[in-house]
Amino acid sequence: MPTDVLLQLNTYPLREGLKPTYGTAGFRSVADLLPSTVFRCGALMALRAGALRQVTGIVITASHNPEQDNGVKLVDPSGNMLDSQWENMADALAQATTAEQALREVELIKQTWAVGTGGTVMVAHDTRSSALDLCKAAAAGISAVGGTPEPALLLTTPQLHWMVARRNCCLPFSEVDYFQTLLGAFEQLRSSHCPSAKAQALVVDAANGVGAPKLAEAAGRLSDLGLNINVINSGTSGALNAGCGADFVQKEQARPAGFESIPSGMRCASMDGDADRLVYFVMRKSGHAQLFDGDRIAVLAATLLDRILHERPGADASVRMGIVQTAYANGSSTRYVRSRLTECEVVMTPTGVKHLHHAAAAFDIGIYYEANGHGTILFKPSFLKTLTEGSGGWRTEMGLLSQVMNQAVGDALSGLLLVEYALCRLGWGLAQWTDLYTDLPSRQLKVAVPNRAAFTTTDAETRLMTPRGLQCQVEAEVAKVSQGRCFVRPSGTEDVVRVYAEAENQIAADQLAKAVASLVSEMA
Ligand code: NG1
Ligand code: ZN
């Protein structure tokens, strides 16, 4: 019914001059500018569901961005992020300047994918105040193309990805099932392999986001297992991601808001606004947070899995294990894996979990984590099948780990359970985890520029192609610094260009980042 669709498209017009672009993890901007994009994403995901005759999903969230922003993450039937082939269609539809042009894009998708009508789309949102209006826009877009919007639920991003994946495999997919799967597997692992583990306290910064109520739901069960969780920044007073959350702790390496009375030496963790990232940290007297970032979580995971594989009978039978990182991974972590975990391959991809997830799926066991704590461990389905065919301690342990670790996308709850299990299974405290390797000092800066699209990159985003000449200038700065490494790329989630620098000492890393940030500003 094209005229109905047209009418609806006219209700959600694109603001003049806007050009929404599918970024690192979907569309993001100031919330007021989003209704048109969200409506059209609703239509797109309903058509995707119709084309594949499976359920798809939409999460209304802007993750680590501030409260006034919002965004939309698009979930494929597999539970992964939207297929990259469809990203171009998402862009074309979101950027259509008139309702008529948008309708033509809808018709083109229908023809190309031979889809008559939309299918079912699950919708979730985080705690932002703009969520409900945007959920309405999503539902309207889904309905406009004949799809069925499911009632919007307050969920973490990884919960919705998990639910979509499970639903399309005809497995129980409710939120209760989610907690039962992850926590039930964790309980079994703890009771089988660390029955006499000491009780532990963990203070978690929930970024004043959706992770707070969700972690509170898990906390009772975890405390029965001796893991006592105290959630700070639970959303009752502070603003979302303001001076807190995983992005803040990772980038600033400083005490998050709300942690003023937490004693130094305390074991802490921080998640982001939609609970798909997690980093650990320990407060130091200076107010500095000693960081255990995504790289370190990945190395801990690889050490655990390596131990399990070596302990098994017939340990020589090959299992392909790999770690996937991006250019933001600390050089020391990469060096450690290459030199000490020699049976674990290292793969580098561009930023964004869509790239890492894909690369990790090639391994029997693929560990992927961005330095910011966004990641998971994938167990290849054919490998998991070989586990269920036999019996034995290590097989059961691997199988349970695959249930703890969200197989659809990075999940802060999975990360937390993984770290706690790995430390108790290895018999380690934070000191042993720290001692694995020493991070090279690093600094990350954001530079606001008039047009970040002017910055294009190559070689997994480690080298600039444009603005012309800038890469040579960056390299000249790097050459002045011992153990220097630096790269520049446009953010896909914020209106900034990011500069990352690493060097032998903190002063040199800071100076390198600052010098390159100045070059970026001058060029822009
Ligand atoms: P951008 O803004 O494209 O750098 C950020 C993170 C990514 C990823 C996405 C999605 C950094 C440097 N970048 O992307 O790793 O997590 O957000 O949330 O942390
Ligand atoms: Zn997030």
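Read the numbers this way: they start at 1 and go in the same order the structure lists the ligands and their atoms.
- Put simply, the side chain of Thr466 never gets that close to the backbone of Arg468: no donor and acceptor are under 3.5 Å apart.
- Asp276 contributes atom OD1 as its closest N/O/S atom to the Zn ion (ligand 2).
- Of all atoms in ligand 1, listed by their number and element, those nearer than 4.0 Å to a heavy atom of Arg489 are 1 (P), 3 (O), 4 (O).
- Considering CD1 of Ile365 and CE of Met405, their distance stands at 12.0 Å, rounded to 0.5 Å.
- Taking every non-hydrogen atom of His374 and a distance limit under 4.0 Å, the qualifying atoms of ligand 1 come out as 16 (O).
- Ligand 1 lies nowhere less than 4.0 angstrom from a heavy atom belonging to Gln250.
- Considering backbone and side-chain N/O atoms, Ala25 never comes within less than 3.5 Å of an N/O atom of ligand 1.
- In summary, the atoms of ligand 1 found under 4.0 Å from a heavy atom of Lys251, numbered by their order in the structure, are 11 (C), 19 (O).
- For Asp274, the N/O/S atom at the shortest distance from the Zn ion (ligand 2) is named OD1.
- In summary, the aromatic rings of Tyr437 and Tyr336 are positioned with their centroids under 6.0 Å apart.
- In this structure, the ring of Phe259 has its center less than 6.0 angstrom from the ring center of Phe281.
- In this structure, atom 8 (C) of ligand 1 lies nearest to the protein heavy atom Glu370 OE1, 3.2 Å.
- Against a heavy-atom cut-off of under 4.0 Å, Arg28 is close to the following atoms of ligand 1: 18 (O).
- For Asp272, the N, O or S atom closest to the Zn ion (ligand 2) goes by the atom name OD2.
- Put simply, the side chain of His161 gets close to the backbone of Gly79: a donor and an acceptor are under 3.5 Å apart.
- At a cut-off of 2.8 Å, Ser63 coordinates the Zn ion (ligand 2) through an N, O or S atom.
- When each of Thr61, Leu134, Leu132 is checked for a side-chain contact (heavy atoms from CB on, under 4.5 Å) with His125, only Leu132 meets the rule.
- Checked by atom type, the side-chain pair Glu67/Ser129 shows a donor-acceptor distance below 3.5 Å.
- Residues Tyr178 and Phe173 keep their aromatic ring centres 6.0 Å or farther apart.
- Inclusion of Arg277 in the set of residues having an N or O under 3.5 Å from an N or O of ligand 1 is warranted.
- Just one of Asp295, Asp293, Thr326, Val324 meets the side-chain contact (heavy atoms from CB on, under 4.5 Å) condition when paired with Glu370; it is Thr326.
- Contacts between Tyr328 and ligand 1, counted as non-hydrogen atom pairs separated by less than 4.0 Å, involve the side chain only.
- Of the protein's non-hydrogen atoms, Thr24 OG1, 2.4 Å is the one closest to atom 3 (O) of ligand 1.
- The proximity of Asn372 to ligand 1, defined as any non-hydrogen pair under 4.0 Å, is limited to the side chain.
- Residue-level proximity to ligand 1 for Lys73 is absent, since no heavy atom of it falls below 4.0 angstrom.
- Of the N or O atoms in Asp247, none lie within a sub-3.5 Å distance of an N or O in ligand 1.
- Atoms CD and CG, from Gln159 and Asp411 in turn, are 7.5 Å apart once rounded to the nearest 0.5 Å.
- At distances below 3.5 Å, not a single donor-acceptor pair connects side-chain atoms of Asn70 with backbone N or O atoms of Val30.
- For ligand 1, the atoms lying closer than 4.0 Å to a non-hydrogen atom of Gly492 are 1 (P), 2 (O), 3 (O).
- Taking the centre of each ring, His374 and Tyr369 stay at or above the 6.0 Å mark.
- Where the criterion is an N or O separation shorter than 3.5 Å, residue side chain and backbone included, Gln444 fails it with respect to ligand 1.
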